[in-house]
S.K.: 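My structure is below; once you've seen it, I'll send some questions.
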Amino acid sequence: MLDKKNRLKKKKEFNYIYKKGNAFFCKFFTMYVVKTKYPFSQIGFTVSNKVGNSVTRHRIKRLMSEAIRQNLNLLPVNNYVFVARAGSEELGLNEVTNNFLYLLKKSGLLKLNNEN
RNA sequence: UUAGGUAGCCAGAUGGUUACAUCUUGUGCGUAAUUGUAUGAGAUGAGGAAAGUCCGAGCUUCAUAGAACAGGGUGCUGGAUAACUUCCAGUGAAGGCGACUUUAAGGAAAGUGCAACAGAAAUAAACAACCUAAAAUUUUUAGGUUAAAGGUGGAAAGGCGAGGUAAGUGCUCACCGAUAUGUUGGUGACAACAUAUGCUCUGUAAACCCCACCCGAAGUAAGAUUAAAAAGAACCGUUACAAAGUUGUUCGCUAGGUUCUUUAAAAACAUCGCUUGAACUGAUUGGCAACAAUUAGUUUAGAUAGAUUACCAUCUAAAACAGAACUCGGCUUAUAGACUACACUAACAAA
RNA sequence: GCGGGUGUAGCUCAAUGGUAGAGCCCUAGCCUUCCAAGCUAGUUGCGAGGGUCCGAUUCCCUUCACCCGCU
């Protein structure tokens with residue numbers, strides 16, 4: 001799990017990010033991004049009710065958080081929400097991280113980070 | 001040996017690195033102090049069903065928590081339990097070669113309803129059968145007796161056999177069944193035995209209903225604390241009419257009630273409720289058992305976007321179903337694989 | 001977490017416990033020079049599993065899927 005300060009918690013924040021954020025899609029996940037005031041980034045994970053069991057849903061959340069936690073230094077400072085879509089039940093850790101990297105490249109945030 | 005029956009247990013293990021939650025604690029920063037913040041150490045950290053939410057309780061609130069009706073639930077007997085649509089032991093019935101299993105099992109003679117099609121007839125009696133007489137010539141009419149066989153149907157008037165009869169019929173008899181009475185046994189459901197009655201009176205109550213017993217409602221997102229709040233607006237009532245009040249209707253009850261806006265760092269994104277509980281483990285005693293009593297020991301998750309991870313190695317053929325959210329007692333459903341016990345059962349083989 | 005509701009033909013719906021129907025759709029034929037419209041005929045079934053009953057879409061129990069409300 002992430003540290004407490006890096007988690008998104010409140011329902012208002014989630015709704016704000018859903019409304020105002022830029023969305024990027026791939027096959028298994030969608031990503032919403034919004035800029036923050038704070039010097040650290042806050043990240044939230046959601047899995048919809050239609051994906052599998054509560055056990056598998058919880059497992060996907062943990063995999064996503066682990067993938068973010070290992071690559072926290074690469075992330076530019078923003079607020080993120082990652083949503084898992086149907087079909088993501090059978091992914092492993094490496095595939096999740098690859099998907100996330102693909103999303104970040106697609107959004108153009110990672111390139112800037114590499115140039116700096 | 002094979003196929004079963006019953007009862008029960010486990011729910012991958014070990015090691016390494018790593019992440020998170022709670023609690024305890026050390027150090028640094030900061031503060032008048034608490035809170036805070038950063039970083040270390042230690043301990044603990046999800047099931048047999050945590051699930052479904054099908055029942056029953058605790059706890060909290062609702063007017064003082066009341067009454068009647070409606071509505072709902074349960075339904076063989078005795079016991080267990082805080083309580084129960086639960087459990088245990090029995091009775092009856094059904095199934096199985098058997099060990100054994102299953103069982104919402106009161107009342108149809110209180111009343112109402114329904115029973116399609118078929119069949120003469122469906123809850124009451126004649127498609128017909130037999131006999132007698134007359135006509136007439138293989139049929140009709142009149143009278144009488146009876147309920148056997150036939151086919152229909154889920155169900156057909158106690159069953160089967162013998163005697164008897166014009167043909168038949170509990171008309172008579174034996175056996176079985178039924179009903180009533182009595183005796184004995186059992187706490188009881190009921191069972192056994194004896195005697196009597198030839199014994200019309202279907203099924204359905206998981207159709208309405210009757211009888212007996214039980215049930216107020218909502219749910220921790222209940223609710224409480226921090227506060228001493230202040231100001232304003234709207235509606236209803238203050239004439240017990242009317243309105244509001246935690247299911248429906250009526251009675252009874254409550255005198256103020258409901259909603260909204262603004263201000264203050266915050267009236268929630270805070271704290272409590274929240275985990276010591278009809279708790280768990282072991283022993284002894286009582287009981288066939290469910291369970292109870294006594295005694296010794298243990299303290300065992302408590303989050304609020306919501307904690308048990310990720311990777312690797314070894315064992316292994318492969319690891320099922322599945323994630324606490326106030327707490328207990330049950331029920332139901334899902335479930336890979338491994339294991340244990342039995343004077344258990346059947347078949348086959350050998351002695 | 002708590003509460004409520006619905007499952008019938010490809011779609012929208014109906015039904016007294018007696019063996020399931022209507023409209024649109026689809027198929028074939030008729031009509032028309034051809035198409036459309038119209039007429040005739042036909043195909044496709046009660047979410048799943050048990051029980052009560054002679055008999056269940058209907059009654060009872062369990063279960064699955066979907067939808068809605070509180071938050």
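Residue numbering restarts at 1 for every chain, and letters A, B, ... go by the order of the sequence lines.
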S.K.: Using the glycosidic torsion, which applies to B:rU145: syn (within 90° of 0) or anti (everything else)?
M.R.: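 Anti conformation for B:rU145.
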S.K.: If every non-hydrogen atom of A:F29 is compared with every non-hydrogen atom of A:A84, which pair is closest and at what distance?
M.R.: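 Closest approach of A:F29 to A:A84, heavy atoms only: CD2-CA, 3.9 Å.
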S.K.: Whom does B:rA206 pair with, Watson-Crick or G-U wobble, provided both distances fall under 3.5 Å?
M.R.: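 Result: none.
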S.K.: Taking atom C1' in both B:rG36 and B:rG15, what distance in whole Å separates the two?
M.R.: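 These two C1' atoms come out 40 Å apart once rounded.
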S.K.: Whom does B:rU226 pair with, Watson-Crick or G-U wobble, provided both distances fall under 3.5 Å?
M.R.: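 Pair assignment: B:rU226 / none.
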S.K.: Any strand counts, and the cut-off is 3.5 Å on both contacts for Watson-Crick or G-U wobble. Which nucleotide pairs with B:rG185?
M.R.: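 Across any shown strand, B:rG185 pairs with B:rC190.
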S.K.: Hey, does the side chain of A:R62 come within less than 4.0 Å of B:rA307's phosphate (OP1/OP2), counting only N and O?
M.R.: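 For B:rA307, OP1/OP2 do not have a side-chain N/O of A:R62 under 4.0 Å.
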S.K.: Using purine N1 to pyrimidine N3 plus N6-O4 or O6-N4 for Watson-Crick, or N1-O2 and O6-N3 for G-U wobble, each under 3.5 Å, what pairs with B:rG78?
M.R.: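 Its partner is B:rC88 (Watson-Crick or G-U wobble, both distances under 3.5 Å).
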S.K.: A:F82 vs A:F45 aromatic rings, parallel, tilted or perpendicular, using cut-offs 30° and 60°?
M.R.: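 Ring orientation, 0 to 90° scale: parallel.
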S.K.: Which base, if any, makes a Watson-Crick or G-U wobble pair with B:rA268, both distances under 3.5 Å?
M.R.: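 Matched B:rA268 with nothing under the 3.5 Å cut-off.
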S.K.: Determine if the base of B:rG48 is syn or anti; take syn to mean the glycosidic torsion is within 90° of 0.
M.R.: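 You should classify B:rG48 as syn.
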S.K.: Does any nucleotide pair with B:rU246 by Watson-Crick or G-U wobble geometry, both distances under 3.5 Å, and what is it?
M.R.: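 Its partner: none found.
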S.K.: Going by purine N1 to pyrimidine N3 plus the second Watson-Crick contact, or the G-U wobble pair, all under 3.5 Å, which nucleotide sits opposite B:rU309?
M.R.: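 Partner of B:rU309: none found under 3.5 Å.
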S.K.: Tabulate protein N/O versus nucleotide N/O from nucleotides 319-322 of chain B, keeping only pairs under 3.5 Å, one per line.
M.R.:
from    : atom 1 : to    : atom 2 : distance (Å)
B:rA322 : OP2    : A:N53 : ND2    : 3.4

S.K.: Just so I know, are the side chains of A:F100 and A:M64 near enough to count as touching, which here means a heavy-atom distance under 4.5 Å?
M.R.: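 Touching, per the 4.5 Å side-chain cut-off.
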S.K.: When the P atoms of B:rU298 and B:rU25 are compared, how many Å lie between them, rounded to an integer?
M.R.: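 Approximately 23 Å lies between the P atom of B:rU25 and that of B:rU298.
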S.K.: Between B:rG106 and B:rC62, how far apart are the two P atoms, rounded to whole Å?
M.R.: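 Each nucleotide's P atom is 45 Å from the other's.
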S.K.: Paired with B:rG286 by Watson-Crick or G-U wobble geometry, both distances under 3.5 Å: which nucleotide is it?
M.R.: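 Pair assignment: B:rG286 / B:rC291.
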S.K.: Nearest heavy-atom pair of A:Y80 and A:L104: which atoms, and what distance?
M.R.: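 Scanning both residues, the minimum pair turns out to be CE2-CD2, 4.2 Å.
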S.K.: Quick one: closest heavy-atom pair of A:L63 and A:V96, and the distance?
M.R.: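 Smallest interatomic distance, heavy atoms only, reads O-CG1, 4.4 Å.
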S.K.: When you look at A:N99 and A:T97, which way does the side-chain contact (heavy atoms from CB on, under 4.5 Å) test go after all the steps?
M.R.: CA-CA 5 Å; A:N99 275 311; A:T97 51; over 6 Å; no
S.K.: What dot-bracket string describes RNA chain C from 5' to 3', counting Watson-Crick and G-U wobble pairs whose defining distances are under 3.5 Å, with [ ] for crossing pairs and | for pairs to another strand?
M.R.: (((((((..((((....[..)))).(((((.......)))))....(((((..]....)))))))))))).
S.K.: For B:rU197 and B:rC171, measure between their P atoms and round to the nearest Å.
M.R.: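 My reading of the P atoms in B:rU197 and B:rC171 gives 15 Å.
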S.K.: Indicate syn or anti for B:rA268, taking the glycosidic torsion and treating anything within 90° of 0 as syn.
M.R.: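 Chi for B:rA268 falls in the syn range.
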